Amino acid sequence: MKQIMLVCAVLLLSQFAKAQHIETLTSRTGKPSSFGAYGNAQGKITAIDGKFAVMTGGYGGVFLNKKILLGAAGYSLANRIKVPQQEDRNWNVWYTGAIAEYVFNSDKLFHWSAGALLGGGGVSQRTEYRKGRDDVHVSSGFAVAEPFINAEMNITHYLRITAGGSWRQTFGTSSGAGITDAKLSAPAFHLGIKAGLF
């Protein structure tokens with residue numbers, strides 16, 4: 001009986017010892033903390049009004065128990081997309097909100113995460129810089145939900161790269177804005193860099 005208990009104790013200690021290190025691209029390093037924080041700068045390739053769009057932004061927050069991130073996110077349209085039949089106008093799109101992310105096996109070199117953004121944003125038609133300011137012609141607010149999934153790789157104890165996909169779904173865009181929720185909603189592919197205390 002004592003031998004069985006000794007074997008169980010050794011196995012538990014070995015598992016605990018493994019959990020004390022984060023696997024990175026070069027080696028095992030550092031001791032993970034039960035409380036941390038990080039940010040993820042991202043670029044997204046998606047579609048708006050059926051046209052190629054690049055969204056830039058990111059998210060960040062507190063990282064609890066090496067598993068759960070709670071924080072905030074924000075994104076905006078980075079390239080110019082012309083408004084149909086209004087050649088002097090471009091679309092302006094942005095959104096922000098609260099975000100939650102669950103990271104699976106965060107200490108492993110390769111791992112994955114999933115989460116969702118819930119919030120709101122706006123869309124408008126703008127004429128480019130006239131005397132230093134955009135002229136806003138029509139605009140509308142909307143609610144947004146964006147679930148996502150990431151594949152991740154630990155580069156160092158403080159740095160990770162991510163790649164994944166999401167689906168942006170908007171609700172409540174005004175008909176007077178000249179665009180519908182269906183044309184604002186779309187899948188996206190994203191690349192990102194996470195930096196922080198993991």
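In this text, all values refer to a predicted model and were calculated from it rather than measured experimentally. We number each residue from 1, following the sequence as shown.
Put simply, the side chain of N150 reaches to within 4.5 Å of the side chain of E101, judged on heavy atoms. Counting heavy atoms from C-beta on, the side chains of F35 and L64 come closer than 4.5 Å. Using a 4.5 Å heavy-atom threshold, the side chains of I99 and L69 count as touching. Counting only heavy atoms from C-beta outward, the side chains of I48 and L77 approach each other to under 4.5 Å. Contact check for F142 versus L184: side-chain heavy atoms found under the 4.5 Å cut-off. Contact annotation: the side chain of S185 never approaches that of R168 to less than 4.5 Å [non-hydrogen atoms, C-beta and beyond]. Counting only heavy atoms from C-beta outward, the side chains of N40 and T162 approach each other to under 4.5 Å. Using a 4.5 Å cut-off on side-chain heavy atoms (C-beta onward), L197 and Y38 make no contact.
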Requested in this report: Go through the steps to decide whether K67 and S113 satisfy the test side-chain contact (heavy atoms from CB on, under 4.5 Å), and finish with yes or no.
Outcome: CA-CA 9 Å; K67 294 180 180 178; S113 64; over 6 Å; no

Requested in this report: Take Q42 and F148 through the side-chain contact (heavy atoms from CB on, under 4.5 Å) test and state the conclusion after the steps.
Outcome: CA-CA 13 Å; Q42 287 187 322; F148 63 88; over 6 Å; no

Query - V123 vs W91, side-chain contact (heavy atoms from CB on, under 4.5 Å): CA-CA, chis, key distance, verdict - result: CA-CA 7 Å; V123 57; W91 289 116; 3.8 Å; yes

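The minimum heavy-atom distance between K66 and F198, with the atom names listed, is CG-O, 4.0 Å. Closest heavy-atom contact between A100 and L70: CB-CD2, 4.1 Å. Closest approach of A73 to L117, counting heavy atoms only: CB-CD1, 3.3 Å. The shortest heavy-atom contact between D181 and G172 is OD2-N, 3.0 Å. Considering all non-hydrogen atoms of both residues, W167 and P187 come closest at CZ3-CD, 3.0 Å. Between T173 and I179, the closest heavy-atom pair is CG2-O, 3.5 Å.
For E23 (side chain) and K108 (main-chain N/O), no donor-acceptor pair under 3.5 Å exists by modelled atom type. Between the side chain of N79 and the backbone N or O of F52, at least one donor-acceptor pair lies under 3.5 Å. Side chain of S140 to backbone of S174: a donor-acceptor contact under 3.5 angstrom is found. Not a single donor-acceptor pair under 3.5 Å links the side chain of S124 to the backbone N or O of R126. In this structure, the side chain of T56 does not engage the main chain of A78 through any donor-acceptor pair within 3.5 Å. Put simply, the side chain of R160 never gets that close to the backbone of G192: no donor and acceptor are under 3.5 Å apart. Remark: side-chain polar atoms of Q125 are paired, donor with acceptor, to backbone N or O of A177 under 3.5 angstrom.
The residue from K82, K183, R89 that alone fulfils the salt bridge (Lys or Arg N to Asp or Glu O under 4.0 Å) condition with D49 is K183.
Atom CZ of residue R80 and atom CG of residue N90 lie 6.5 Å apart, to the nearest 0.5 angstrom. One finds the OG atom of S166 at 11.0 Å from the CD1 atom of I149 (value rounded to the nearest 0.5 Å).
With sequence neighbours excluded, no residue forms a side-chain hydrogen bond (donor to acceptor under 3.5 Å, both in side chains) with W94.
Sparse packing is recorded around CD1 of I193, with 12 or fewer heavy atoms of other residues, nucleotides or ligands lying under 6.0 Å away.
Checked for salt-bridge contact, E146 and K44 meet the test: a charged N lies under 4.0 Å from a carboxylate O.
Residue pairs meeting the ring-ring contact (aromatic ring centres under 6.0 Å, His included) criterion with at least one member in residues 170-194, sequence neighbours excluded, do not occur. Applying the ring-ring contact (aromatic ring centres under 6.0 Å, His included) test to residues at least two apart or on different chains, the pairs with a partner in residues 99-122 are Y102-F104, F104-W112.
Judged by distance alone, the side chains of T24 and N154 never bring a donor and an acceptor atom under 3.5 Å apart.
Using a 30° and 60° split on the angle between ring planes, Y75 and Y95 fall in the tilted class, from 30° to 60°.
The hydrophobic clustering, which links ILVMFWY residues whose side-chain heavy atoms are closer than 4.5 Å, places I155 and L109 together.
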